[in-house]
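Each remark here refers to the structure printed beneath this line.
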Amino acid sequence: MVVARFAPSPTGYLHVGGARTALFNWLLARQTGGTFILRIEDTDQKRNTPTAIGQVMDDLRWLGIQWDEGPDVGGPNGPYLQSQRRDIYDKYIKKLIDEKKAYYCFDTPEELDALRKEAQDQRRNFIYPRPKDFPDAKDAEQARTEGRAVTVRFAVPQDKPIVVQDIVRGEVTFATSEISDFIIQKSDGFPTYNFACVVDDYLMKVTHIIRGQEHLNNTPGQQALWEALGFGELPKYAHMSVTVSETGGKLSKRERPKSLCEAIKARPDIDLEKLAEVGNITLEEVNSFLDGQTTPDMPSIDAMAEYLGIVLPEVNVVDFFKSGYLPETMVNFLALLGASPGGDREIMSVDELTKSFDLSRLTKANSLFDRGKLLAFNTEHIRTVSEEKLLRHFKDYLKAIESPVASADDEALSKLLEINTGARTLAQIEQKSKFLFIASEEIEYDEKAVKKVLLKNDGLAVLATVHDKLAAMEQFTVENIENMLRSLAEEREVGLGKVAQPLRVAICGTTISAPIFDSVEMLGKENTLARIDITLKKFGTETQGERS
RNA sequence: GGCCCCAUCGUCUAGGUAGGUCUAGGACACCGGGUUUUCAACCCGGCAACAGGGGUUCGAAUCCCCUUGGGGCUACCA
């Protein structure tokens with residue numbers, strides 16, 4: 001019976017790297033009919049955001065990743081929040097201390113830093129100097145009353161090299177002399193990740209641990225702990241390749257601030273004071289951010305980016321949601337990043353991915369998160385998901401971005417989805433349809449579009465003709481609109497574009513929109529004529545002089 | 001600096017664990033052409049890789065070693 005788990009620390013929204021880890025564990029559990037656990041590693045009081053747990057769970061749900069045991073659903077081996085398992089960890093820590101397998105430490109950060117610097121200077125790895133005699137509980141108590149910080153370190157057995165049997169890497173050997181006695185209990189009484197993780201994986205009967213390669217170096221220590229605690233058979237490990245970004249290095253949450261910082265620097269004319277105001281931070285904070293000293297909070301980053309009209313690269317699952325990607329796309333893409341079902345298959349459903357998932361087929365080399373390919377996947381999934389699913393996703397999306405299109409009923413929304421086949425993202429569909437749902441007076445006319453389409457080639461004259469023909473139309477149907485425009489083009493011996501484009505600009509303000517016949521029909525006769533009137537009035541006088 | 005991992009088209013990858021069937025396949029991107037009411041989408045065609053050097057072998061993308069290059073970790077973060 002397979003038991004897999006995803007164990008995020010709740011520091012904010014779920015990012016794609018975390019989502020991939022969760023997905024692989026979930027895929028394995030689903031394929032084997034095993035259990036998938038969601039465990040929250042909230043042992044760092046400083047880093048936890050109270051809302052983060054909910055955000056992570058929302059993101060997983062959006063992806064369709066359901067957990068069998070977790071903070072909200074419970075389970076036989078709860079609680080699933082590490083912060084609620086303090087007594088359990090304390091018990092095991094006491095056991096290790098009693099057995100002389102762990103010991104108290106009283107070092108100050110300064111002392112530790114000095115030791116590390118010394119090691120660095122001597123060109124060797126930092127190894128904590130284990131005391132000959134371990135301090136006892138009384139020493140610890142006294143240190144505490146003196147106000148000194150007390151931590152507990154695990155005495156890593158030095159007898160034999162530690163071999164990690166990794167499903168993707170094979171046998172990886174670590175010399176124990178390279179593994180420093182690490183802290184298992186912090187001075188605030190919380191366990192460290194390396195300790196809590198081992199205890200929980202044992203208690204929750206986890207059989208498979210799939211995680212990022214960044215944890216490979218933690219594994220020998222965790223194995224030693226597992227053994228010292230007498231936990232018996234080790235779980236199976238699989239350390240996945242890391243997902244890297246175009247800018248180099250691990251794809252992380254730093255991506256967005258970094259990208260914004262570069263964008264600001266690339267535009268020296270920016271009013272930094274105004275920027276600070278928009279981001280709701282001080283000018284000093286902006287400068288510090290530009291110097292790489294500090295990083296403002298995400299809402300500030302987003303606000304500043306929006307103000308500057310910069311699109312930041314998506315890194316969190318919600319970012320992709322708000323950019324109009326489908327969960328099916330994300331699951332498919334992430335499942336194939338650093339893994340392959342073999343052969344030429346790429347666009348796959350969750351069922352297919354589950355069936356074909358194979359831990360032994362994980363790639364060893366790091367892979368780059370290719371947004372272009374993701375877009376292609378999204379295009380394909382938008383084309384192939386069922387109408388009902390697409391409609392549901394579209395409604396969720398519109399609601400999330402607070403689009404005026406959200407006011408449309410299901411019928412209109414379905415129509416939009418239908419006429420916009422070939423769209424790459426839901427965002428594109430929204431952008432090309434938005435004009436149908438805003439007031440005629442609020443249409444913004446794109447300067448280039450007006451110049452190119454209306455003020456040239458008799459654009460306005462054509463538009464006036466179109467207006468009259470539409471006004472005379474009794475049945476305002478897609479078919480009639482199309483016939484009218486086509487015959488008008490024929491009459492004038494020009495391409496359809498010459499008559500369709502002026503109309504397009506008149507009703508939506510730009511040269512880009514959903515297909516014109518359907519758009520006009522959806523807008524309705526009254527609105528269409530009104531918009532043409534507005535356009536004619538607005539740009540009509542300008543043409544007089546320009547016509548020669 | 002130390003330890004660990006990795007290396008096929010620009011990118012994701014197939015092929016590697018059983019060396020010959022690989023003049024290295026697919027997809028994305030890119031380039032050219034077609035289609036077209038805009039943007040897309042779609043159709044056809046093209047470009048493009050076994051990091052380098054040594055071995056082992058009749059034969060190596062595939063096995064071994066070195067070099068180079070990338071990545072990770074090196075916290076009282078996870």
Side-chain angles (χ1 to χ4, degrees), chain A residues 7-11 41-44 46-47 105 107 109 112 116 119-127 149-153 164 166 168-170 172-175 178-180 182-188 190 192-194 196-197 211-220 239 241-242 244 246 248-250 333 336-347 360 363-377 379 382-383 420-424 428-429 431-432 449 453 482 485-486 489 495-501 503-505 508 510-517 519:
Chain A
S9 64
T11 54
E41 311 223 323
D42 55 348
T43 55
D44 184 1
K46 292 184 289 290
R47 287 216 310 174
C105 292
D107 313 272
L112 255 17
R116 276 193 201 95
Q120 175 85 325
D121 291 345
Q122 288 175 215
R123 297 176 153 235
R124 60 175 173 82
N125 194 11
F126 166 67
I127 302 293
V150 178
T151 58
V152 177
R153 275 179 198 267
V164 174
D166 190 276
V168 342
R169 321 251 155 216
V172 185
T173 307
F174 295 84
E178 289 294 331
I179 305 170
S180 179
F182 54 92
I183 292 179
I184 55 176
Q185 187 177 51
K186 303 183 242 184
S187 57
D188 63 3
F190 275 83
T192 57
Y193 156 74
N194 274 309
C197 174
R211 49 169 34 161
Q213 197 210 122
E214 62 267 28
H215 290 290
L216 185 54
N217 289 304
N218 292 142
T219 310
H239 287 92
S241 58
V242 174
V244 299
E246 288 96 329
K250 195 162 67 158
F333 185 75
L336 262 40
L337 194 60
S340 160
D344 294 338
R345 282 189 296 168
E346 281 204 322
I347 301 296
S360 67
T363 304
K364 290 180 185 165
N366 292 167
S367 42
L368 189 122
F369 191 90
D370 184 349
R371 292 164 197 281
K373 185 135 187 170
L374 178 73
L375 243 196
F377 269 50
T379 310
I382 286 182
R383 197 206 324 278
N420 278 296
T421 47
R424 315 209 76 184
Q428 284 186 349
I429 299 177
Q431 282 153 17
K432 289 197 285 186
V453 177
E482 173 166 1
L485 288 170
R486 285 198 191 280
L496 184 53
K498 288 284 184 290
V499 303
Q501 284 300 75
L503 177 58
R504 191 189 304 278
V505 174
C508 77
T510 73
T511 53
I512 300 170
S513 82
I516 191 71
F517 314 133
S519 292

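Order of the sequence lines fixes the chain letters, A, B, ..., with proteins taken first and strands second; residue numbering starts at 1 for each chain.
For B:C76, its base never sits under 3.5 Å from the side chain of A:T151 at any donor and acceptor pair. A donor and an acceptor atom sit less than 3.5 Å apart, one in the side chain of A:R504 and one in the base of B:U37.
Looking at heavy-atom distances under 4.0 Å, A:A489 makes no contact with the nucleic acid at all. Contact annotation for A:L368: backbone-only contact, meaning every heavy-atom pair under 4.0 Å involves sugar-phosphate atoms and none involves a base. Contacts of A:E41 with the nucleic acid, taken as non-hydrogen atoms under 4.0 Å apart, involve only primed sugar atoms and P, OP1 or OP2. As judged by a 4.0 angstrom heavy-atom cut-off over every strand, A:S180 is placed among residues making no nucleic acid contact. Across all strands shown, A:P8 has no heavy atoms under 4.0 Å from either base or sugar-phosphate atoms. Among the protein residues, A:L374 comes within range of no part of the nucleic acid, since none of its heavy atoms lies under 4.0 Å from any strand. Residue contacts shown for A:Q120 include a base, since a base heavy atom lies under 4.0 Å away. Residue A:G338 is in sugar-phosphate contact alone, with no base atom involved, counting any heavy-atom pair closer than 4.0 Å across all strands shown. Nucleic acid contact class of A:R383 (heavy atoms, under 4.0 Å, all strands): sugar-phosphate only. Here A:D121 lies out of heavy-atom contact (under 4.0 Å) with every strand. In this structure, A:S187 reaches the bases: a heavy-atom distance under 4.0 Å links it to at least one base atom across the strands shown.
Counting only N and O atoms by type, the side chains of A:R504 and A:S513 include a donor and acceptor under 3.5 Å apart.
Judged by distance alone, the side chain of A:T511 and the main-chain N or O of A:A449 form no donor-acceptor pair under 3.5 Å. Side-chain atoms of A:T11 do not come within 3.5 Å of backbone N or O of A:R47 as any donor-acceptor pair.
Among B:U37, B:A78, B:U13, the nucleotide with an atom closest to any side-chain atom of A:N218 is B:A78. Candidate nucleotides B:U11, B:C77, B:G71 were compared by shortest atom distance to the side chain of A:V242, and B:G71 ranks first.
Of the residues near RNA chain B, A:L337 and A:R123, the one whose nearest nucleotide (by heavy atom distance) lies more toward the 5' end is A:R123.
Between A:I512 and A:Q431, the closest side-chain pair of non-hydrogen atoms is not below 4.5 Å. Side-chain contact between A:L112 and A:R116 is present, with at least one heavy-atom pair separated by less than 4.5 Å. With contacts defined as side-chain heavy-atom distances shorter than 4.5 Å, the pair A:T43/A:K186 qualifies.
Residue A:E346 contributes atom CD, which lies 7 Å from atom P of B:C28 at whole-angstrom precision. Atom CD of A:E214 is separated from atom P of B:G72 by 9 Å (rounded to the nearest Å).
Taking the six-membered ring where the residue is Trp, A:Y193 and A:H215 present tilted rings, their angle falling between 30° and 60°.
Taking the C1' atoms as reference points, B:C64 lies 43 Å from B:G45, given to the whole Å.
Residue A:R47 has no polar side-chain atom (N or O) positioned under 4.0 Å from OP1 or OP2 of B:A78.
Residues satisfying the side-chain hydrogen bond (donor to acceptor under 3.5 Å, both in side chains) criterion with A:T379, sequence neighbours excluded, are A:R424.
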Within the sub-3.5 Å range, which N or O atoms of nucleotides 3-6 of chain B have a protein N or O partner, and how far apart are they?
{"from": "B:C5", "atom 1": "O2'", "to": "A:R169", "atom 2": "NH1", "distance (Å)": "2.4"}

